[in-house]
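Only this structure's heavy atoms are used, side chains among them; waters, hydrogens and symmetry mates stay out. Here, residue 1 is the first one in the sequence, and each next residue gets the next number. This is a predicted model, so every value here is computed, not measured.
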Amino acid sequence: MFERLTIPQKGSRIQIKAGEPVVPDHVIVPFIEGDGIGPDITRSAQRVLNAALEKTYHGKKKIEWFEIFAGGKAQAVYGEPLPKDTVRAILEYKVAIKGPLTTPVGGGFRSLNVTLRQVLDLYACVRPVRYIAGSPSPVKEPQKMDVVIFRENTEDVYSGIEWPRGSREARALIGYLAKEYKVAIREDSGIGIKPISEYATKRLVRMAIRYALTHRRRSITLVHKGNIMKYTEGAFRDWGYEVAREEFFDVTISEEELYGTYNGRLPEGKVVIKDRLADSMFQQVLTRADEYDVIALPNLNGDYLSDACAAQVGGLGIAPGANIGDEVALFEATHGSAPKYAGQDKVNPSSLILSGAMMFEHLGWAEAANCVIEAMTRTIQSKQVTYDFHRQLEGATLLKCSEFAQAIVHHM
């Protein structure tokens, strides 16, 4: 099946039946170690996740880790940064987890993260952002932040449709728009196209609504810049409302209905669908964070907003994430590879550890996920932290990456 991968001798793969994962108790999970700090945080995350499973299930559930390759390590093994073996393994085993991958700015290969999302059709970037007590924060009430962001992964700027200034394609498109539609664009412009489709929008919002219903969330907010970009971002808003109205009419209500019909009191079993302009939403997640719950956005807005929310609860070092499609889910650290810290056993592994907790929830192992989160909370509250938190917390004890992982295990 694979050219250069060694499949674990033990464990079984996840299967999909009736659209749902069927997870064996001893499951094979592919992992990509990642570049830069990837090896450090991957080792630490696996140590914590293994301990949580043992603590929670006493050997009845476990993971058999299956290493696959992307980035620098893949280049060394295969001579290319994203081999077919890696894509096949993730498709075959349905769930995988990865450390950060380095993407050169400007030249070089295209973002491996973007490529993985597109070739695997992982159309939703899902990022829960909530405060872990004891973490340093730049805001007064970080505990009000508890949102789950669903960011569209395949369109908008991530479609990558662009041509450089002065290229034949750019000149041709500028000339065509001027001739056919009287649109004036400066001749020295680079050109990019921003597609947002009904199909991609509706499947993202559909996933967000299902998540909200399953997790008993109260509202879904569609974030857009539809007052200016009416036929892309404005359409995102309209198509989102259509999904709620046509497919979830019995369990969703609009914000107008909430206040006009129900006097602001949400009926049991219902979810409110509302929308906000992107610029307004950025200040509202600072000033009124507790009014928002599940948030669905086009790609670029979701990129900015998820990082802005993460900054309020301690930064990207403690923000988990996943890229999810209809059958396959790829969990990942949300930060970069930080090559200047590679091999120093220094950085905070929390993002990847919490992404592993997200993976546990996806597998139906909620008890193990809670074990990880509770132990991390106790560790941070005891002020046993890595350098990024240590410099912000008075009286804290400085730990290495591996020592922080061991402290979490100790606090289970």
Side-chain angles (χ1 to χ4, degrees), residues 41 45 48-49 52 95-98 100 113 117 122-135 137 139 141-153 204-223 271 281 284-286 289-297 299 301-325 329-335 348-377 380 408:
I41 66 172
V48 171
L49 299 177
V95 167
I97 189 167
K98 61 178 276 295
N113 296 313
R117 293 166 189 171
L122 305 176
Y123 59 83
C125 179
V126 183
R127 291 182 59 176
V129 185
R130 65 175 175 179
Y131 182 63
I132 292 185
S135 302
S137 170
V139 299
E141 297 178 298
Q143 70 277 5
K144 289 185 176 181
M145 176 64 67
D146 184 5
V147 299
V148 182
I149 294 172
F150 283 75
R151 167 194 174 201
E152 208 289 318
N153 244 349
L204 176 83
V205 176
R206 187 179 297 118
M207 183 184 286
I209 293 174
R210 287 173 176 163
Y211 179 94
L213 292 169
T214 300
H215 293 82
R216 298 183 178 276
R217 295 279 183 159
R218 295 172 55 83
S219 71
I220 297 168
T221 305
L222 308 169
V223 179
V271 176
M281 187 65 176
Q284 291 200 29
V285 294
L286 277 168
D290 54 348
E291 294 183 13
Y292 297 98
D293 203 333
V294 174
I295 304 172
L297 317 87
N299 183 270
N301 291 336
D303 202 0
Y304 294 151
L305 192 72
S306 57
D307 284 7
C309 290
Q312 296 183 49
V313 299
L316 292 180
I318 199 166
N323 299 290
I324 300 175
L330 177 60
F331 298 84
E332 65 177 0
T334 59
H335 52 71
N348 189 342
S350 295
S351 176
L352 193 59
I353 292 171
L354 291 173
S355 296
M358 279 184 73
M359 183 179 72
F360 284 163
E361 290 183 359
H362 182 80
L363 297 176
W365 298 352
E367 302 89 352
N370 291 335
C371 177
V372 171
I373 293 166
E374 290 168 5
M376 183 180 289
T377 301
I380 293 172
I408 294 174

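In this structure, Asp293 CG and Ile220 CD1 are separated by 8.5 Å, a value rounded to the nearest 0.5 Å. A distance of 8.0 Å separates OG in Ser219 from CD1 in Ile295, rounded to the nearest 0.5 Å. Between the CG atom in Leu352 and the CD1 atom in Ile97 there is a gap of 4.5 Å [rounded to 0.5 Å]. Rounding to the nearest 0.5 angstrom, the gap separating the CZ atom in Arg151 from the CG atom in Leu305 is 11.0 Å. Taking CG from Asp290 and CD from Gln284, the interatomic distance works out to 11.0 Å, rounded to the nearest 0.5 Å. Taking CD1 of Ile353 as the reference point, atom CE of Met358 lies at 15.0 Å (rounded to 0.5 Å).
In this structure, Arg217 pairs ionically with Asp146, as a charged nitrogen and a carboxylate oxygen lie closer than 4.0 Å. A salt bridge links Arg127 with Asp307: at least one charged nitrogen is closer than 4.0 Å to a carboxylate oxygen.
Under the ring-ring contact (aromatic ring centres under 6.0 Å, His included) criterion, Tyr123 pairs with no residue at all, not counting sequence neighbours. With sequence neighbours excluded, the residues that form a ring-ring contact (aromatic ring centres under 6.0 Å, His included) with Phe331 are His362. Among residues two or more places apart in sequence or in another chain, the salt bridge (Lys or Arg N to Asp or Glu O under 4.0 Å) test is passed with Glu152 by none.
Distance alone, capped at 3.5 Å, places no donor-acceptor pair between the Arg117 side chain and the Leu122 backbone. With hydrogens and angles disregarded, no donor-acceptor distance shorter than 3.5 Å links the side chain of Tyr211 to the backbone of His215. Formation of a donor-acceptor pair under 3.5 Å by the Ser355 side chain with backbone atoms of Glu332 is found in this model. Listed for the Gln312 side chain is a donor-acceptor partner under 3.5 Å among the backbone atoms of Val285.
In terms of heavy atoms, Val129 sits closest to Ser306 at CG2-O, 4.4 Å. When every heavy atom of Pro142 is checked against every heavy atom of Val313, the shortest pair comes out as O-CG1, 4.3 Å. In terms of heavy atoms, Ala319 sits closest to Ser351 at O-OG, 2.6 Å. Residues Ala369 and Phe360 approach most closely at N-CD1, 3.8 Å, considering heavy atoms. Ile318 and Ser135 make their closest contact through CD1-OG, 3.7 Å (heavy atoms, listed as atom of the first residue, atom of the second, distance). When all heavy atoms of Leu297 and Leu204 are compared, the pair lying nearest together is O-CD2, 3.6 Å.
Using a 4.5 Å cut-off on side-chain heavy atoms (C-beta onward), Pro100 and Ile41 make contact. Residues Val271 and Val294 are not in side-chain contact: their nearest non-hydrogen atoms beyond the backbone lie 4.5 Å or more apart. Side chains of Lys98 and Asn113 form a contact here, defined as non-hydrogen atoms less than 4.5 Å apart. Side-chain contact between Ile373 and Arg130 is present, with at least one heavy-atom pair separated by less than 4.5 Å.
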